[in-house]
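Just so we're clear, the structure is a prediction, and the values are computed from it rather than from any experiment.
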Amino acid sequence: MTHTDAGRTVLIVDDEPVVRALLRAALEPTGSRLIEAADGCEAVTAAWRDRPDLVLLDVGLPKLNGFDACRAIKTKPAPPRVLLITGNADLPELETCGADGLLEKPFDPFFVAASVSRELDIAAGDAA
């Protein structure tokens with residue numbers, strides 16, 4: 001976690017409230033602004049409306065799966081970085097949906113925080 005995470009926005013998307021709570025707890029110390037969505041449609045709306053720097057996006061979502069949500073999020077100019085969250089890293093769509101990386105379930109909160117900090121640093125570099 002770096003001090004540059006403060007003021008950055010992370011969108012947490014998972015249909016399981018417990019998973020969103022775990023991710024929020026792992027990321028609160030970073031100082032990032034955290035917003036949440038519970039399905040793929042909410043994720044796309046929040047990404048377009050709130051312009052997060054990073055989206056943590058579960059693959060298995062209701063209404064619109066994570067792959068399709070990622071594709072939709074990436075259609076906007078200057079899209080956020082997207083890390084997909086899945087328990088199955090062998091899915092072929094992981095390569096083709098436009099995601100910038102992957103977090104595998106089950107995840108370690110310290111690894112999540114470090115991954116998010118790294119992605120936010122990359123996003124800041126992309127924006128400069």
Side-chain angles (χ1 to χ4, degrees):
M1 293 170 280
T2 66
H3 66 280
T4 58
D5 294 351
R8 310 306 318 249
T9 300
V10 178
L11 171 58
I12 299 169
V13 186
D14 199 292
D15 58 322
E16 295 291 333
V18 171
V19 174
R20 289 196 312 272
L22 288 170
L23 289 168
R24 178 176 282 283
L27 298 178
E28 281 177 341
T30 68
S32 296
R33 176 177 167 243
L34 304 175
I35 54 178
E36 297 180 18
D39 66 52
C41 292
E42 286 181 14
V44 173
T45 299
W48 289 357
R49 178 190 61 226
D50 298 319
R51 310 283 303 155
D53 300 286
L54 176 65
V55 179
L56 301 180
L57 183 61
D58 187 37
V59 168
L61 294 170
K63 297 186 183 176
L64 186 67
N65 70 45
F67 300 121
D68 291 336
C70 183
R71 288 182 187 99
I73 289 167
K74 290 290 192 173
T75 63
K76 289 291 189 182
R81 295 188 62 78
V82 176
L83 291 181
L84 293 177
I85 303 171
T86 182
N88 183 0
D90 295 328
L91 297 169
E93 286 182 288
L94 292 172
E95 300 285 325
T96 62
C97 69
D100 298 290
L102 176 70
L103 288 175
E104 288 188 64
K105 289 181 181 177
F107 47 77
D108 176 293
F110 295 106
F111 178 77
V112 170
S115 296
V116 165
S117 284
R118 183 181 65 248
E119 291 298 323
L120 289 173
D121 287 345
I122 292 168
D126 288 347

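- Expressed to the nearest 0.5 Å, how far CG of Leu83 lies from CG of Asp100 amounts to 7.0 Å.
- Judged by distance alone, the side chain of Asp58 and the main-chain N or O of Leu61 form no donor-acceptor pair under 3.5 Å.
- Comment: Arg118 does not engage Asp121 in a salt bridge, judged by the lack of any side-chain N to carboxylate O separation of less than 4.0 angstrom.
- With Thr86 contributing its side chain and Asn88 its backbone, the two residues share a donor-acceptor pair below 3.5 Å.
- Looking at Asn65, its side chain does come within 3.5 Å of a backbone N or O of Phe67 through a donor-acceptor pair.
- At a threshold of 4.5 Å between non-hydrogen side-chain atoms, the residues Arg51 and Thr9 do not count as touching.
- Contact between Val82 and Cys70 at its shortest, heavy atoms only, is CG1-SG, 3.8 Å.
- Looking at every heavy atom in both residues, Ala123 comes nearest to Asp53 through CB-O, 4.0 Å.
- Taking CD1 of Ile73 as the start and CG of Asp68 as the end, the distance is 11.0 Å to the nearest 0.5 Å.
- Residues Asp14 and Arg24 are not paired through a salt bridge, judged by the lack of any N-O separation under 4.0 Å between the basic side chain and the carboxylate.
- Of all heavy-atom pairs spanning Ala113 and Ala26, the tightest one is CB-O, 3.8 Å.
- What you find for Glu42 and Ala38 is that their closest heavy atoms are OE1-N, 2.8 Å.
- The shortest side-chain heavy-atom distance between Leu56 and Leu54 falls under the 4.5 Å cut-off.
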Walk me through it: do Lys63 and Asp15 pass the test salt bridge (charged side-chain N to carboxylate O under 4.0 Å, His left out)? CA-CA 10 Å; Lys63 297 186 183 176; Asp15 58 322; over 6 Å; no

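- Nearest heavy atom pair, residue Pro52 against residue Ala46, reads CD-O, 4.1 Å.
- At least one side-chain heavy atom of Asp50 sits less than 4.5 Å from a side-chain heavy atom of Arg33.
- The closest side-chain heavy-atom distance from Pro80 to Leu11 is not below 4.5 Å.
- In this structure the side chain of Lys105 reaches within 4.5 angstrom of the side chain of Ile85, judged on heavy atoms.
- Going from atom CG of Leu22 over to atom CZ of Arg20 covers 11.0 Å, rounded to the nearest 0.5 Å.
- Put simply, the side chain of Leu120 reaches to within 4.5 Å of the side chain of Val10, judged on heavy atoms.
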Determine, stepwise, if the pair Arg8 / Glu119 fulfils salt bridge (charged side-chain N to carboxylate O under 4.0 Å, His left out). CA-CA 11 Å; Arg8 310 306 318 249; Glu119 291 298 323; over 6 Å; no

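- When atom types are taken as modelled, the side chain of Lys74 and the backbone of Ala69 share no donor-acceptor pair closer than 3.5 angstrom.
- Counting only distance, with no hydrogens or angles, the side chain of Arg81 and the backbone of Gly101 share no donor-acceptor pair below 3.5 Å.
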